[in-house]
Structures are given as C-alpha cells and as structure tokens.
Amino acid sequence: MRSINGTGLIVAGLVATLAALLFPVWSYEDRSGTGVDRLDAETVSTEFGPLSALDRDFITKVRLAGLWELPAGQQAEARGTTKAVQTAGEHLVEGHTFLDARVREVATQLNLELPNQPTAQQRGWLDEMSDAHGDAYDEKFANILRAAHGKVFSVVAEVRATTRNSLVRTLADDANTTVLDHITVLEGTGLVDFDDLARDAASAGPVPVTRSPAPPGPTRSPSPATPVSPSPTFSLPPPASRPKPTDEERDKEKDRGRGKEKPRGKAERYVPAIPRPHAE
C-alpha cells in the first residue's frame, strides 16, 4: 500500500511538472504575438501606404458620425430654443456635409465599403433627443453631442499620430478641424455638464497597473517656475502671434497683394472658423 501511494505521488508530481511546462506553450498557441505582429497581420497594402485596422475603423466611424450627427444638427436648427443651440446645429450640418463627402471620396479610393445606417446606440441618442422638448431638448442636444465628440476626438488624435496612409492622414486632419469646431460651438451653448463628462471619462477609462504620484495641490505661495532657455546653438522659430500691425504696415501689405489673384487648390475645403459669427 505504501509503495502504491509513493508511486502515485511520483506520477502526480511528473504530471504537474509536465503541465507547468506545457501551459505557456498552450496559452500562447493561438495568439498573434506582439502588438507589431498584430499590426502587420491586420494591415493591407494600398498605393497610398499601409492601411491598418485602426485606419479602417476610423474611416467607418467618420461615416457613422455623419449619419446621425447631421440629422441631429438639422433637428437643432429647427427645435433649438436659443440662438447658440441653433448655431451649433448649423455647424453640425455644415461640418458633416463636408466630412461625409471627404470620407466617401477616401473610401472609394481605398475600395472600402461604408455603412448606410447609424448604429443602434446612435439611433437611441436621436430618439432620446426627439422625445425632449424646450429647455430639456437643448440640454439633451448639447450634452449628448458633446460627449460623443469628446470620444471621437481622442480617436482622431491616435489615428493622426500613427497612420502610415496618406489618405487617412488628410482625412484625420479634416476630422480634427471639424470635431474641434463642433466641440467649441456645443460648449458655447453654456449647457454642457463638464462634471458629468469628467466622471464618465474616469469611469470608462482603464485603471493603470501602476499609478504615478499626482503633482502637489495648490499652495498659498507657489515658487515661481524657472523659464526654459534654448541652447546658444538653437535658433527659436518665429512667434506664433505678433503685435497688431500698424497702419503703415497694413498699407504695405495691401500694396504687395494688389493685382494678384489668390491661388486656388484642386478642391474647396471646409475650414470652420472658431468661433464663427452668424447672421441673425
């Protein structure tokens, strides 16, 4: 009996050892490997550069945004109770009319199929706004659209920073300009609940494995920060802003430009002003 128990323990130990050796192989057997391996596996070649899965998802999201935000803008133009809400609606209509034409052009060149209906969640947002009236409608419109644009904004930034496709890069530029304009006019309604946006972002984001210590909070008399100084061999670029030109400088600028026709590009591009005045 003792020999049998001893043999059983030896066999059990050997099985456990074998399982420990085989588990890492089994657990990674069906995985694609590193992030670079996955990027290569999900990327296709085009004449405009590699097209990744993130690129394709971005193109689809741009199309989906127009499918529900354009009718939301039309609704706000008609039902908004304040001029600011109606103005935000106008920006949504103009921006997504332009952006939808751009994304369809890019998809055609890349041979990508685009959706023709908004998602169930987006239809739910439209229904939620349709059921509201008066001031409640204005608040629903401003907060639902602002939250949606905030989430898209981070996707646009990631795509613009990482894409290797020239068409996707220019589409991201257009989307960035349009989304930022829409965020600005939505916040201009004065109805956006920034506390709710912050709580939603904090609850939706992944918890980091290690949390860096936060900078200290406000103090009564903080020490002044030491200005950074370039090295003697580094020449600074020209300032982004300059003093208001004098009347003499403006006259010289007009003289230089008089008689010269402004060059035209291949296609007219929508470049929204932030903020942009509207006629009453």
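By convention here, the first residue in the shown sequence is residue 1.
- The same ILVMFWY cluster, assembled from side-chain heavy atoms under 4.5 Å apart, contains both V103 and V152.
- Cluster membership check: L186 does not share its hydrophobic cluster with F153, using side-chain heavy-atom separations under 4.5 Å among Ile, Leu, Val, Met, Phe, Trp and Tyr.
- Shown are Q74, H149, Q122; of these, the side-chain hydrogen bond (donor to acceptor under 3.5 Å, both in side chains) with E69 is made only by H149.
- The only member of N111, L167, T163, L112 that meets side-chain contact (heavy atoms from CB on, under 4.5 Å) when paired with L51 is L112.
- Taking D127 as the reference, nothing meets the side chain to side chain contact (heavy atoms under 4.5 Å, CB included) condition, with sequence neighbours excluded.
- Taking the side chain as every heavy atom from C-beta outward, T82 and D135 never approach each other to under 4.5 Å.
- Evaluation of the salt bridge (Lys or Arg N to Asp or Glu O under 4.0 Å) rule for R56 yields no partner, not counting sequence neighbours.
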Between L99 and V62, is a side-chain contact (heavy atoms from CB on, under 4.5 Å) present by the stated rule, with each step listed? CA-CA 8 Å; L99 207 54; V62 172; 3.8 Å; yes
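- F98 and L92 sit in two unconnected hydrophobic clusters of ILVMFWY residues. Membership requires side-chain heavy atoms under 4.5 Å apart, directly or through other members.
- Atom CD in E187 sits 8.0 Å away from atom CG in L197 (nearest 0.5 Å).
- Between L145 and A72 the shortest heavy-atom distance is CD2-CB, 4.3 Å.
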Please determine whether side-chain contact (heavy atoms from CB on, under 4.5 Å) holds for the pair T60 and R63, giving the CA-CA distance in whole Å, both sets of side-chain angles, and the decisive distance to 0.1 Å. CA-CA 5 Å; T60 299; R63 170 64 173 175; 5.7 Å; no
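- If you chain together hydrophobic residues whose side chains sit under 4.5 Å apart, L67 and L126 never meet in one group.
- For the residue pair P118 and R123, the shortest heavy atom distance occurs at O-NH1, 2.6 Å.
- One distance of note links CD of Q109 with CG of L171; it measures 10.5 Å at 0.5 Å rounding.
- Taking NZ of K140 as the reference point, atom CD1 of I144 lies at 5.5 Å (rounded to 0.5 Å).
- Nearest approach of H96 to A65, heavy atoms of both residues: CE1-CB, 3.9 Å.
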Chi angles and distances behind the side-chain contact (heavy atoms from CB on, under 4.5 Å) call for Y137, T81: CA-CA 8 Å; Y137 171 81; T81 65; over 6 Å; no
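- Salt bridge annotation for K151-D200: present, with a cationic side-chain nitrogen under 4.0 angstrom from a carboxylate oxygen.
- Using modelled atom types, no side-chain atom of N176 and backbone atom of A172 make a donor-acceptor pair closer than 3.5 Å.
- By the 4.5 Å heavy-atom criterion applied to side chains, R79 and H133 are counted as neighbours.
- One hydrophobic cluster, built from ILVMFWY side chains closer than 4.5 Å, cannot hold both L191 and I183; they sit in different ones.
- Counting only heavy atoms from C-beta outward, the side chains of T189 and R146 never approach each other to under 4.5 Å.
- Distance check: L114 CG to I59 CD1 gives 7.5 Å after rounding to the nearest 0.5 Å.
- For Q86 (side chain) and G80 (main-chain N/O), a donor-acceptor pair under 3.5 Å exists by modelled atom type.
- Looking at every heavy atom in both residues, A84 comes nearest to G188 through CB-O, 4.0 Å.
- Interatomic distance, CD of Q75 versus CE of M129, reported as 5.5 Å (0.5 Å rounding).
- In plain terms, the two heavy atoms of P71 and G66 that are nearest each other are CD-O, 3.8 Å.
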Test salt bridge (Lys or Arg N to Asp or Glu O under 4.0 Å) on R169 and D173; report intermediate values, then the result. CA-CA 6 Å; R169 192 173 300 117; D173 286 338; over 6 Å; no
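- Each ring-ring contact (aromatic ring centres under 6.0 Å, His included) pair with one or both residues in residues 50-83, not counting sequence neighbours, appears once here: W68-W125.
- Using modelled atom types and a 3.5 Å distance limit, the side chains of N165 and T46 yield a donor-acceptor pair.
- We find the OG1-CG distance between T162 and D55 to be 6.5 Å, quoted to the nearest 0.5 Å.
- Within the 4.5 Å cutoff, the side chain of T43 has heavy atoms near those of the R164 side chain.
- Aromatic ring orientation, H182 versus H91: perpendicular (interplanar angle above 60°, classes split at 30° and 60°).
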